[in-house]
Asker: 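This is the structure, below, for whatever I ask next.
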Amino acid sequence: MPELPFSREIICARDLLKKYNGKTVVDNISFTVTRGECFGILGPNGAGKTTTVKMIHALSPPTAGELKVLGRDITKKGREIKKRLGVVTQDNNLDPDLSVWENMEMFARYYRLQPSRVRAHLHRLLALMELADYCHTRVEKLSGGMKRRLAIARSLISSPDLLILDEPTTGLDPHARHVVWQQLRLIKENDITILLTTHYLEEAAHLCDRLVIMDRGLILEEGRPRDLVQKHIGHEVLELRLAERPELWREKFAASFKELIAGHFLLGDVLYLYTFDGNELLKGIQQMSPPCRYHLLRSATLEDVFLKLTGRDLSA
Ligand SMILES: Nc1ncnc2c1ncn2[C@@H]1O[C@H](COP(=O)(O)OP(=O)(O)OP(=O)(O)O)[C@@H](O)[C@H]1O
Ligand SMILES: [Mg+2]
C-alpha cells in the first residue's frame with residue numbers, strides 16, 4: 001500500500017449501517033477519528049461497539065454507508081488497511097499453550113519483519129508492557145491483566161497507524177485496570193491513534209480525548225468527556241433519596257432553586273439534581289426539611305450524562 005497522503009482523518013464513518021438477519025444493530029452512525037487522538041465508543045452491553053469495530057478492521061462488511069479507514073474505502077481495500085492496524089479483540093485471541101515470547105514471535109513472522117530487528121523490537125514492546133520477566137511463561141499461567149497487556153504488546157508489533165482496543169480492561173480487577181491504563185497512556189504519548197470501546201465511564205474519562213456514547217446501535221452524543229459533562233450536567237450532582245412523594249419534592253426544589261438547578265432526573269426514589277453550586281443548593285434544601293433517607297454531593301461524571309440521555313445506568 002503506498003504511503004498515505006497526510007490525512008488527518010484516520011476513520012471516517014458516514015451513515016454506517018449493520019444488520020444481522022434483518023435486525024439493525026448499528027443504526028446509521030457517523031463519526032470521524034483524527035490522527036493522534038484517543039477516541040472512545042462508550043456504551044452498555046449490546047450497544048453495537050464490537051460490531052462497529054469489526055467493520056473498521058474489515059472483519060465484517062457494512063450493510064450500508066461509507067467507511068474510510070486510513071483514507072481508504074474499507075470495502076475495497078480491506079486487506080491492505082488491515083496490515084496497518086493493531087487490533088486487540090474482546091477475547092484476547094492468544095495461544096494459551098505457547099509462551100509469551102512464542103506468541104509474540106508467531107505474530108512477528110506473520111508481518112515478515114526484518115529478522116535482525118525483530119528480537120530487539122519484541123523485547124522493547126514486552127518491556128513497555130512490563131512483561132519482560134515473563135518471556136518463557138506459558139500464556140495459560142498469566143493473570144487476566146497480563147494476558148491483556150500481552151495482547152496489547154502483540155498488537156503493536158507491526159507499528160500500526162491505528163490501534164483498536166475492544167474493551168481493553170473488561171474483567172480485570174481495579175489494580176490490573178489501572179496498570180493497563182498507565183501503559184495505554186504511555187502508548188498515547190507516542191502519538192499513535194487509538195480507538196477503544198468500553199463500558200467503563202471512568203476508563204473513557206481517563207483515556208479518551210473524544211468519545212461517542214452509543215446505545216442500541218445509535219450514537220446519542222459526541223464530544224470531549226469534560227465538555228459532555230458540562231453540557232448536560234454541570235459541575236456537581238446532589239443525590240437525594242426521598243422517603244415519600246419524590247415527584248412532589250422534585251417540583252418544589254425546581255421551583256424554589258431555579259437559578260441553582262441546571263437540570264433534574266428522578267430514578268425510583270432517588271432524585272438527581274444537577275448544579276453548579278452544590279453546597280449552596282444543599283443548604284437551601286436542608287432548610288425545607290425534606291424526608292431524606294440520604295444525600296450525596298459529588299462531582300458530575302459521564303455516568304450522569306448516560307443516565308440523563310437513556311434513563312438507565314451503564315451496567316443496566
Ligand atoms: N454475528 C452476529 N449475529 C447476529 N447478531 C449479532 C452478531 N454479533 C452481534 N450481534 C448482536 O448485535 C448487537 C450488538 O452486539 P455487539 O457485540 O456489537 O455489542 P457490544 O456493544 O460490543 O456489547 P458488549 O459490551 O457486550 O461487548 C447485540 O444485540 C448482539 O446480540
Ligand atoms: Mg463488545
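In each ligand, atom 1 is the first atom listed, and ligand 1 is the first ligand listed.
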Asker: Looking only at heavy atoms of Gly43, does any of them come nearer than 4.0 Å to an atom of ligand 1?
Answerer: no
Asker: Mark yes or no for whether Lys18, through its side chain, and Pro61, through its backbone, hold a donor-acceptor pair below 3.5 Å.
Answerer: yes
Asker: Can you tell me how far apart CD1 (Ile56) and CG (Leu16) are? Round to the nearest 0.5 Å.
Answerer: 7.5 Å
Asker: List ligand 1 atoms under 4.0 Å from Ala47, heavy atoms only on the residue side.
Answerer: 19 (O), 20 (P), 21 (O)
Asker: What residue and atom, counting heavy atoms only, is the protein's closest point to atom 23 (O) of ligand 1, and at what distance?
Answerer: Gly46 N, 2.8 Å
Asker: Applying a heavy-atom cut-off of 4.0 Å, say which part of Thr50 lies close to ligand 1: side chain, backbone, both or neither.
Answerer: both
Asker: Could you tell me if any non-hydrogen atom of Met214 lies under 4.0 Å from any atom of ligand 1?
Answerer: no
Asker: Among Thr24, Val26, Thr51, which one puts a heavy atom closest to atom 15 (O) of ligand 1?
Answerer: Thr51
Asker: Atoms of ligand 1 less than 4.0 Å from Val25 heavy atoms?
Answerer: 11 (C), 12 (O), 13 (C)
Asker: Does ligand 1 have any atom sitting under 4.0 Å from a heavy atom of Gly217?
Answerer: no
Asker: Against ligand 1, does Glu167 come closer than 4.0 Å with any heavy atom?
Answerer: yes
Asker: Linking I/L/V/M/F/W/Y whenever their side-chain heavy atoms sit closer than 4.5 Å, directly or via other members, would Tyr111 and Leu150 fall into one cluster?
Answerer: yes
Asker: Are Phe265 and Ile213 linked, directly or through other ILVMFWY residues, by side chains that come within less than 4.5 angstrom of each other?
Answerer: yes
Asker: Going by the order shown, which atoms of ligand 1 are within less than 4.0 Å of some heavy atom of Lys23?
Answerer: 29 (O)
Asker: Protein non-hydrogen atoms only, distance under 4.0 Å: does atom 31 (O) of ligand 1 have such a neighbour?
Answerer: no
Asker: Return the option from Lys49, Lys19, His199 holding the heavy atom at the smallest distance from atom 25 (O) of ligand 1.
Answerer: Lys49
Asker: Say you draw a straight line from OG1 of Thr75 to NZ of Lys77; how long is it, rounded to the nearest 0.5 Å?
Answerer: 10.5 Å
